[in-house]
Amino acid sequence: MPELPEVETVVRQLRRSLVGQRVRSIILHTPSTIRCRHFPARRLIGCTIRAVRRRGKFIRLDLAAPSRSPQGTGVTVLVHLRMTGSLRIHAGRPPRERHDHIDLVLDGRPEPACLRFSDIRKFGGWWLLPGDVADAAAPLAALGPEPLEISRDDFRRLLAGHKQRVKTLLLDQRRLAGMGNIYTDEALFAAGIHPEARACDVPAAKVDALWRAMRRILRAAIRHCGSSTSDFVGADGRRGRYQEHHQVYGRADQPCRRCGARLKYLRVAGRGTTFCPRCQALQRGRKKR
DNA sequence: AAGATTACCTGAAGGC
DNA sequence: TGCCTTCAGGTAATCT
């Protein structure tokens with residue numbers, strides 16, 4: 001599932017091949033993939049890709065309008081992969097397959113290339129926004145801080161300020177933008193925190209351990225080009241390798257790699273949740289409900 | 001009004 | 001074999 005490390009992997013690959021390229025045309029096989037209605041997709045034609053960035057789990061393409069164009073502000077394209085979306089770079093334009101929804105045809109060097117959005121489950125989408133308002137507009141405006149940028153003190157304040165279960169809080173993109181199910185479970189295990197603990201009840205030492213574990217795990221996952229537990233592939237079509245380092249995700253009923261206890265499976269915040277009942281015990285007297 | 005649950009969507013996997 | 005159910009989960013919408 002594309003979470004922060006997977007999106008960062010795609011962004012770094014796209015950046016190498018897209019920056020400086022001009023949009024020749026856009027082909028909408030599945031128009032409903034475009035989530036904002038009032039921006040005509042044809043305004044992308046002739047624009048030049050200036051930057052490829054990540055914000056939370058969004059991929060952001062900033063395009064400059066052609067000179068002598070009436071819309072001087074340029075265009076920002078946001079792409080969210082949700083569960084099964086992918087962005088791939090292709091030489092030329094291969095025949096459309098079943099789950100291909102958008103082709104952005106580019107002036108390639110030396111040959112034309114295309115950026116193709118595919119999504120088996122059609123949860124993912126594109127947002128087209130005028131470049132000068134992108135930061136202040138939905139869906140970016142509501143996002144919380146980046147997990148790799150939030151300070152330890154701000155992270156302490158974030159947890160102290162909420163009674164929600166800590167896992168629910170970490171997954172809430174308005175509080176923290178980029179954590180998903182895999183890295184939340186891995187970080188909570190590394191810090192020894194029960195996923196159902198209330199955020200404000202986590203002892204200070206464990207909050208700090210969680211902050212450090214989150215940063216260490218996200219960085220390691222980025223180095224391994226993300227986790228491919230089912231169908232994630234980068235823009236080059238290659239799978240990530242971090243799934244080989246998962247301690248708990250996908251390992252329910254198997255022995256804990258730290259203490260040997262059998263890993264338990266729960267549903268928390270509507271998500272499958274795997275944790276070690278011994279390494280991540282709930283504090284006495286602070287049980288749920 | 002926060003917190004929990006469901007809808008969206010498809011394919012894989014398991015049960016019988 | 002084949003049909004049915006369940007599961008996967010990011011986020012918006014809906015419910016309690």
Side-chain angles (χ1 to χ4, degrees), chain A residues 1-11 29-37 54-60 78-87 97-102 117-127 137-144 146-147 158-188 195-201 218 221 226-233 239-240 242-243 246 248-253 263-275 286-289:
Chain A
M1 317 304 138
E3 305 179 22
L4 188 155
E6 290 75 28
V7 177
E8 182 66 27
T9 296
V10 172
V11 161
H29 297 295
T30 310
S32 59
T33 302
I34 307 279
R35 305 293 181 189
C36 47
R37 289 210 173 66
R54 178 188 62 74
R55 175 72 177 97
K57 298 175 193 169
F58 285 90
I59 296 157
R60 171 176 180 162
L78 299 177
V79 181
H80 201 302
L81 303 175
R82 293 281 186 105
M83 302 293 304
T84 53
S86 71
L87 280 176
E97 293 184 33
R98 193 157 135 84
H99 302 297
D100 298 342
H101 303 304
I102 297 182
F117 178 74
S118 309
D119 189 357
I120 294 170
R121 293 163 75 172
K122 296 186 211 161
F123 284 6
W126 289 35
W127 287 255
L140 288 186
L143 293 179
E146 290 285 328
L158 177 65
L159 265 69
H162 296 279
K163 295 180 180 178
Q164 297 173 285
R165 289 168 176 172
V166 60
K167 173 158 181 172
T168 305
L169 177 65
L170 294 175
L171 288 171
D172 186 339
Q173 303 298 296
R174 295 166 302 180
R175 309 279 189 219
L176 202 61
M179 295 291 283
N181 203 38
I182 294 173
Y183 299 103
T184 298
D185 276 8
E186 293 295 319
L188 289 171
E196 290 183 304
R198 305 227 171 256
C200 57
D201 290 341
L218 291 174
S227 300
S228 290
T229 54
S230 53
D231 41 25
F232 169 73
V233 291
R239 292 166 57 82
Y242 194 69
Q243 67 280 3
H246 291 175
V248 288
Y249 182 87
R251 297 191 64 243
D253 296 327
L263 297 181
K264 284 175 79 169
Y265 183 87
L266 280 179
R267 197 157 284 274
V268 181
R271 263 64 153 243
T273 301
T274 309
F275 71 105
R286 289 172 179 168
K287 197 138 172 39
K288 56 170 174 162
R289 280 184 265 278

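Numbered from 1 within each chain, the chains take letters A, B, ... in sequence-line order.
- Taking the C1' atom of each, C/dT6 and B/dT6 are spaced 16 Å apart, rounded to whole Å.
- Whole-Å rounding puts the A/Phe232 CZ to C/dG10 P distance at 14 Å.
- Atom CG in A/Leu171 sits roughly 14 Å away from atom C1' in B/dG3 (whole-Å rounding).
- With rounding to whole Å, A/Arg198 atom CZ is found 11 Å from B/dA2 atom C1'.
- Between B/dA2 and A/Gln164, no contact under 4.0 Å exists linking OP1 or OP2 to a side-chain N or O.
- Projected onto DNA chain C by closest heavy-atom contact, A/Tyr265 and A/Met179 fall at different nucleotides, the more 5' of which corresponds to A/Tyr265.
- Summarising the geometry, the separation between CZ on A/Arg55 and P on C/dT11 is reported as 12 Å, rounded to the nearest angstrom.
- In this structure, A/Phe123 packs face-to-face on the six-membered ring of B/dC8, meeting both the 5.5 Å centre cutoff and the 30° plane limit.
- When distances run from any side-chain atom of A/Arg267 to the nucleotides B/dG3, C/dC7, C/dG10, the shortest one goes to C/dC7.
- Side-chain atoms of A/Arg271 stay outside donor-acceptor range of the base of C/dA8, with no qualifying N/O pair under 3.5 Å.
- Looking at heavy-atom distances under 4.0 Å, A/Phe58 makes no contact with the nucleic acid at all.
- A/Leu170 places its CG atom 15 Å from the C1' atom of C/dG10, with the value rounded to the nearest Å.
- For the pair A/Asp231 CG and B/dG11 P, the interatomic distance rounds to 11 Å; values are reported in whole Å.
- Checking A/Arg98 against A/Arg82, the closest nucleotide of DNA chain B that is more toward the 5' end is the one next to A/Arg82.
- Between A/Leu140 and A/Arg55, the shortest heavy-atom contact is CD2-CG, 3.9 Å.
- Between the CD atom of A/Gln173 and the C1' atom of C/dG9 there is a distance of 12 Å, given to the nearest Å.
- The residue from A/Arg271, A/Lys167, A/Glu186 that alone fulfils the side chain to side chain donor-acceptor pair (under 3.5 Å) condition with A/Asn181 is A/Lys167.
- Residue contacts shown for A/Gly272 are limited to sugar-phosphate atoms, with no base heavy atom under 4.0 Å away.
- Comparing B/dC9, B/dG11, B/dA4 against the side chain of A/Lys122 picks out B/dC9 as the nearest.
- One side chain, A/Thr84 or A/Asp119, offers a donor N or O that lies under 3.5 Å from an acceptor on the other.
- Of all heavy-atom pairs spanning A/Gly240 and A/Ser228, the tightest one is N-OG, 2.7 Å.
- In this structure, CD1 of A/Ile182 is placed 12 Å from P of C/dA8, rounded to the nearest angstrom.
- The side chain of A/Tyr183 contributes no N or O atom lying less than 4.0 Å from OP1 or OP2 of C/dG10.
- Remark: the A/Ser227 side chain and the A/His246 side chain contain an N/O donor-acceptor pair separated by less than 3.5 Å.
- OP1 or OP2 of B/dT10 has not a single side-chain nitrogen or oxygen of A/His99 nearer than 4.0 Å.
- In this structure, the nucleotide among C/dG10, B/dT10, B/dG3 sitting nearest to the side chain of A/Lys163 is B/dG3.
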